[in-house]
Structures are given as C-alpha cells and as structure tokens.
Amino acid sequence: MTEQPTSYERPQGVDPTDPRGALLRSQAPAPGSTALPSPAAQARTPDGMPGTTSPGSPAPYGKGGNGVKGGKGNKGGKGSMGKDPAASGPEHAQPAADETMAAPPGRAQPGVEEHRPRPAPESIPLQPGAEARPERGPDGQERRSGQVPAPGRPTPMRRDGDRLRFVGAATRRIARGLDLDEIVMGLCRATVPTFSDAILVYLRDPLPVGDERPAADRVVLRLRRTDRIPEERDPEIGFALLSVPPQEAPEVSELSAAVAELCEVRPGGALAEVLRGVRPVFADTPAARAALPELIGEDSQLVVPDDQRAILAPLRGRRRVIGAAVFVRRPDRIPFENDDLLVAAQLATHSALGIDKAVLYDREAYIADELQRTMLPETLPRPTGVRLASRYLPAAETARVGGDWYDAIPLPGSRVALVVGDVMGHSMTSAAIMGQLRTTAQTLAGLDLPPQEVLHHLDEQAQRLGTDRMATCLYAVYDPVSHRITIANAGHPPPVLLHLGGRAEVLRVPPGAPIGVGGVDFEAVELDAPAGATLLLYTDGLVESRLRDVATGIEQLREKLAATAQLTGPDHPPPLEALCDEVLDMLGPGDRDDDIALLAARFDGIAPSDVAYWFLEPEDAAPGKARRLARRALDRWGMEELTDSVELLVSEVVTNAVRYASRPVTLRLLRTDVLRCEVGDDVPQLPRLRQARATDEGGRGLFLVNRLARRWGATRLSTGKVVWFELNRG
C-alpha cells in the first residue's frame, strides 16, 4: 500500500487581499505533526533527485519521508519525528515510514511508485532577510531568546508573482464597488495590512463630473477615508510609532483625528507638482518631503516616516487628478521597494477610474430622478367635490426612470379629468415619450374634448413620435354636480370602484387598443359615481408580475380594497392616504417587476341643494333677469352679504355673453367652500382683459371682475366657452 504525499497546494478561494489569508504568521506545528520543508531547506543530488540537506530537516525519502509503509507501519508504527501514534492516522497526515523500508537517496524502491515532493506554494512570499533572522524551533520560539513573534505581522512581497497576484485581487475588490464609498473602502481594505499598515485617501471637494470644468480654479482635497492596523494586532509596538508620538497616543485614537480634514492645493506648490506628475513617489524624495506636510497639515500629529516607508500616489481619473492616497508602513516593517511604486500606481489608477464611474453613475441617477419628478405632477389639484391621493414607485433603485404617469386636470363646470398611463420600457426614452403624451393630454383636456376623442388624438401623437411608441392609457371625467363619470380606455387595466358600504367593484370598461397602434376607435362609457365612493386608477405594475397574471392581481386588489374598507365600517370610507399605503402593501418580494403609478379619487360630489342653474335667452333683458335669479339664490343660501358684488359681476359677464351669442346662455351658481358663478355661451372666442380709455363707453366689465373676484377665468369648450369667477364666502 502506497501512502499519498502531503499536498503543498494552497487552498482554493483564498483572497490575497484578505488579512486572514495574506498575513504570514509564525505558527508552531501541532504536536505529533511534521513541519513542511521549505524550498530553501531542500537540496538536490547530482542526478537531480531531492535529498537530505541538513540535520533536523525531514528527508523526502528515508526516515520520515514519503515512502512505503508496510507491516507494522500500517498498524500505527513509530514515525521519524516522534513516537505519537497519531502521526500515522488520516491519509492527509504526514506519512511515517519504517527506517528499514526507506530507499537510498537518488534511487526509488523497486516495485514502488515514485513520489516527487511538490514545490512550496508561490503564494507565500519569502520574508526578505530571512536568512539573517534567528533560527526558530518547532514550537515557534527563537532558539536564543525563546520569544514568540507577535501575531498579525504581515510579510512583504518580494517576487513579481506575488505582486501580480496581489494587484489582480486588489483591483477585483475595488471593481466590486458601485458607489463612491464602496470603491474607497475597497481600496483601503485591499491594501491594509497586505501592502501597507495604514492608508489615507483624499478626494477633491467637490468631485468633478465627466468633462465638466470645475466651477472654481482652486483645488481642495478632503480626507475621505483612513484605515490602519488596529493596535490589538501588535500589542508590543502599538500604533503610536505610526500615528502620533507615544506620549500623545492616548489622546488620539483615530488616524483621521491626527491629520487635517481639508487641504487647499496651492498653485505652484510642492503638492501641486507631485499631483501634476501623476506617478507615485517615495516620502524620502524632496518633492514628497515638502508635499506631505501640505497634504496632512502643518500642525498634524501624524508622524510619517521620512524614508521609503511611505508612498504618495496621485489619483488620476480620465480627465484630471481627483485626489491622492498615502501608503504608510511601520518602522518595524521593511520599507517599500521600487517595484512597490508600480503596485501603488496600479491601485491608484484603478481606484480613480472607479471613482470616476461612480460619480458619473450618481449624476445619471440624479438626472433620472429629476426627470421623473418633473414629468409627474408635483402636487395634485383640489377640485370641487373630489379628493385625490397618489403614489409612484419605480421598478428598482437602478432603474428609477419609467413610463408610468398619472394626472388630475381641472375642467370647466367643476369637473376633473383623471388620467393614468404607462409607456412601454424603462429608459430615458420612455420617460421622454411619457412627458410628451402627458403634455398632449393636458392640452386636449383644456379643449374639453370627450374622453374617446382625447385618446384618439393621443394615438395620433404617439404615431408621430415613432412607429414603436406604444402606451396604455385610461382617461376619465368626473362631474360632481351630476355624480356621473365618463371613462375611455386604451388597453389599460380596468379601474376599481370602492363603494361606501365596503363593496369593491371592477368597472366594466371596454379595453380598447393601446395608444400607438393606429386605425382603431375608442369607446367611452358613462357610469354612476355615488358620493362617498372611491375610484382607484393604477398601472399594470401593481397587479402583474412574474408570480401572478393580471386577472389574479386585479382580483387580489379588489379583495384588498374590500378588506381595508371593513376596518372603518360601512358608514365611513377609509382615508385616502392610508388606503394607498394598504394597496401597496399587497406587493410581495418578487412583485416589483415594473413601475407602479396609483391615483385614488374620493367622490364627495356637490349636493343638488347647492346648485342653481338657469337658461337665459340672448336678449337685452337677460342681464336684469340674471341679477334677480342670483339674488334669490343668495337669499335662499343665507349669503346676502355677497348680493351686491354678485349682481354687479353677473350683470357684466351676462351682458358680454348675450352681445354675441346666438343660442341660450347658461347661468350656474355653485355653493361649496366658495361661491362660484359660471356663464356659458356658444361663442368660442375667449374674452381678453384690456384697459379701457376714458372716452370708451364699454370694456370695463372684465376689469371689474378682475378687481372684485377672488379669481376668474375663461375656458373654451367644444360648443363655445365658459367664463367663471369665484368669491370668498363671508
């Protein structure tokens, strides 16, 4: 039976930047185990076969080597390094061989497979000057002093392979960061303690973005992050030799407290010259010796070694220098070498490029947020007879821009248009198309077109924007006087109406084709909108995901609304804001596949007793009749104090209407929180406010309305126009 040799391969998945895997510690071998031979301790015979080099070192063949175990050796025989039976246990333990079974050096045992020892792993760098260090025993103690080295002492890299592996692992760790803090932290964690014992990272304040030219010519560096080896890793020496003088160490516990937070780079100064040179420099160079005090502060308590134990590395992005990094080693550690300047340059370059990308990403996210915020209404209006609430949730933090939108547009006659739509896609293009469609919908609503006509014009606008511009939209008009709502749909999920008693109903609205298809007609339906009911308009992101289809999501939404209404009782509808929050709580962890736009409207309506409506023939007696009708309505409502003002303003507006109208003029008074008067005629031209001359007999009607009314306006309708004004109730 042949015993397999002990493998010298390093474990897979070890990160060279991990302090637990990168630090070399002087570890004593476990009792009964055999110490691994180092390459320096091995010698070769003239024919190239490994042999014994010195007493006390294990021989690959012979006593204690990788040979053949037989007879009593397989039964727990004695090994060469001790008499512990555990040495011949598991297969990965150091093999023990009988002295009589060993082959002579340079020749394998006949009939036995030859096993050559594998070289020591290259991932473990040799400590420079190791040949000059005191010899240590199996227990890790020096043979002369008997002291054990302090744990956590990093071993510098001496070979090119070590540096390449370190740079590769460090750059991968830096590249994993997405934002600025993660990248800077990755730089600090990758270098301390493998490459240096402490690091200081300075960045420009503010950081320039892309090709933008800084607003000010002065360059200010701010200390962004520091990192160091904690004191508990070296209790004998401590951190005082690196950070502050020993007598001041108790007062300063953090490295950032020992240096200046801000540094202004003086033009033509030593620090400016080093940053302009881009390449890292040792602290013992004249330029760095003058630049370091300017960077960390003239009064800084930090003691930076003045030899090759500190490196000042500028951080240069794509266009300009954006900061600097200082790598420091303790006095008890060997200084940096010339090849370490190349390592510092690679770390600085990758960190600076990552910081540039992070700043650009933050700017793009900021632009996306601002674009989305400006595309959606900042505040909702407060029309008469209806209360509104809304919510908007992006699909994810990394895709904050989408094509979902909602809107509430006041219309003539105290009506309000409720709009919700969804442009396909999640990009800046989708948001831009959404903004154009929303603007078009607002313009069409101002013309007081029927809902089906609004969708028809939106469809034409989408086709003008491009052949692949698709969107869904639902357009509804609520009239608080008639308590009716007119709805037209273009491929959008149907709305849900929550009645006052707690019953939730999915409204049967013709689905229609999406906007952008072209060549289709849209159909509108008129439904009852009782007082106290709540209409919920939403986009498909609320009811559709990878885990459920649209029909299932709509049914879950209906059940959620009904369950929420039961909490407040049959006579009290749930508050709108709380209702919106409850609706969004129905979303599970995997339900956020799309943007979500939500618009809730509570229908209060206007009671018939608060409405007065008349038709007036376009004749000279119409203004006088309008004054008498208005006076009677005010007396019935107990608003006699507004009689004089209302009679004057109604007379002026009706006079202007009957002068050009060919059909009966309408007069309507609405009593809500204000008194609203509306006069409609069949003339589409809107009146304009102008300053009348002293010799003019007319032209002062709108001037009086502008001075006495709380606010006033004129709206063009498909059949004419409406001029309205409002007065505050006493």
Side-chain angles (χ1 to χ4, degrees), residues 377 379-390 406-421 438 440-455 457-458 473-489 495 497 507 509 522 524-537 576 599-615 653 665-682 684 686 710-726:
T379 58
L380 292 175
R382 296 181 179 179
T384 303
V386 61
R387 286 174 288 173
L388 303 172
S390 63
Y406 61 89
D407 211 342
I409 309 169
L411 299 178
S414 300
R415 296 172 301 157
V416 59
L418 307 175
V419 190
V420 64
R438 178 173 178 247
T440 304
Q442 290 179 335
T443 304
L444 297 172
L447 300 176
D448 197 27
L449 298 178
Q452 64 273 19
E453 291 296 327
V454 172
L455 295 182
H457 289 291
L458 284 177
C473 182
L474 191 143
Y475 189 93
V477 176
Y478 170 66
D479 189 347
V481 177
S482 63
H483 297 272
R484 303 281 289 179
I485 184 170
T486 306
I487 306 175
N489 191 7
L497 184 65
L507 298 182
V509 181
F522 299 97
V525 295
E526 187 174 355
L527 305 172
D528 290 331
T534 303
L535 183 69
L536 194 69
L537 308 179
L576 277 182
L599 180 62
R602 173 70 44 77
F603 299 143
D604 294 334
I606 300 177
S609 59
D610 294 331
V611 181
Y613 193 84
W614 304 278
F615 286 94
V653 175
V665 176
T666 60
L667 173 63
R668 186 166 71 170
L669 296 181
L670 301 174
R671 183 183 63 167
T672 57
D673 54 341
V674 297
L675 179 66
R676 181 183 178 96
C677 176
E678 299 175 353
V679 178
D681 57 60
D682 60 344
L686 299 181
R710 175 177 175 263
R711 60 184 190 135
W712 73 281
T715 304
R716 182 180 287 109
L717 305 178
S718 57
T719 58
K721 69 174 181 296
V722 170
V723 180
W724 56 269
F725 63 86
E726 293 178 352

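Computed from a prediction, not measured in an experiment: that's the story for all the values here.
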- Determine which pairs satisfy salt bridge (charged side-chain N to carboxylate O under 4.0 Å, His left out) with at least one residue from residues 527-536, sequence neighbours left out, and list them in order. Arg484-Asp528
- Task: Check the pair Val653 / Cys677 against side-chain contact (heavy atoms from CB on, under 4.5 Å), numbers first and verdict last.
- Result: CA-CA 10 Å; Val653 175; Cys677 176; over 6 Å; no
- Message: Suppose we screen for side chain to side chain contact (heavy atoms under 4.5 Å, CB included). Which residues come up paired with Ala601, at least two apart in sequence or across chains?
- Response: Val386, Leu388, Leu418, Phe603
- What residues, two or more places apart in sequence or in another chain, satisfy side chain to side chain contact (heavy atoms under 4.5 Å, CB included) together with Ala389? Leu576, Glu577, Cys580
- Task: To the nearest 0.5 angstrom, please state how far the CG atom of Leu537 sits from the OG atom of Ser390.
- Result: 11.5 Å
- Note on the structure: Across all chains, not counting sequence neighbours, the side chain to side chain contact (heavy atoms under 4.5 Å, CB included) partners of Pro410 are Pro381
- Message: Using side-chain heavy atoms (C-beta onward) and a distance below 4.5 Å, is Phe522 in contact with Val454?
- Response: no
- Item | Taking every non-hydrogen atom, the tightest pair across Leu380 and Pro377 | CD2-CG, 4.3 Å
- Item | Side-chain heavy-atom pair Arg711, Trp724 within 4.5 angstrom cut-off | yes
- So how far is it from Arg602 CZ to Leu535 CG, rounded to the nearest 0.5 Å? 11.0 Å
- Message: For a quick test of reading the model, state the closest non-hydrogen atom pair linking Ala445 to Leu411 and the distance between them.
- Response: O-CD2, 3.2 Å
- Query: Which one of Thr440, Leu449, Leu447, Thr443 satisfies the side-chain contact (heavy atoms from CB on, under 4.5 Å) criterion with His457?
  - Reply: Leu449
- Message: List the residues meeting side chain to side chain contact (heavy atoms under 4.5 Å, CB included) with Arg716, not counting sequence neighbours, and say none if there are none.
- Response: Pro684, Leu686
- Task: Starting at CZ of Phe725, measure out to CZ of Arg710 and round the result to the nearest 0.5 Å.
- Result: 13.5 Å
- Query: Side chains of Asp610 and Thr672: does their closest heavy-atom pair fall under 4.5 Å?
  - Reply: no
- Measure the spacing between CZ of Phe615 and CG of Leu667 and express it to the nearest 0.5 Å. 11.0 Å
- Report yes if the side chains of Thr666 and Glu678 come closer than 4.5 Å at any heavy-atom pair, otherwise no. no
- Looking only at non-hydrogen atoms, find the nearest pair between Gly446 and Thr715 and report the distance. O-CG2, 3.9 Å
- Note on the structure: Nearest heavy-atom approach of Tyr475 to Ala417 is OH-CB, 3.5 Å
- Item | Spatial distance of atom CG (Asp604) from atom NE2 (His483) [nearest 0.5 Å] | 9.5 Å
- Heavy atoms, side chains only, cut-off 4.5 Å: are Arg676 and Thr384 in contact? no
- Query: Does a side-chain heavy-atom distance below 4.5 Å link Val509 with Pro495?
  - Reply: yes
- Contacts of Asp448 meeting salt bridge (Lys or Arg N to Asp or Glu O under 4.0 Å) (sequence neighbours excluded), chain-then-number -> Arg415
- Do Cys473 and Val419 come within less than 4.5 Å of each other through their side chains, counting heavy atoms only? yes
- Message: Taking side-chain contact (heavy atoms from CB on, under 4.5 Å) as the criterion, tell me which of Val525, Leu536, Leu497, Ile485 meets it with Leu507.
- Response: Leu497
- Task: Please round to the nearest 0.5 Å and tell me the distance separating atom OH of Tyr613 and atom CG of Leu670.
- Result: 10.5 Å
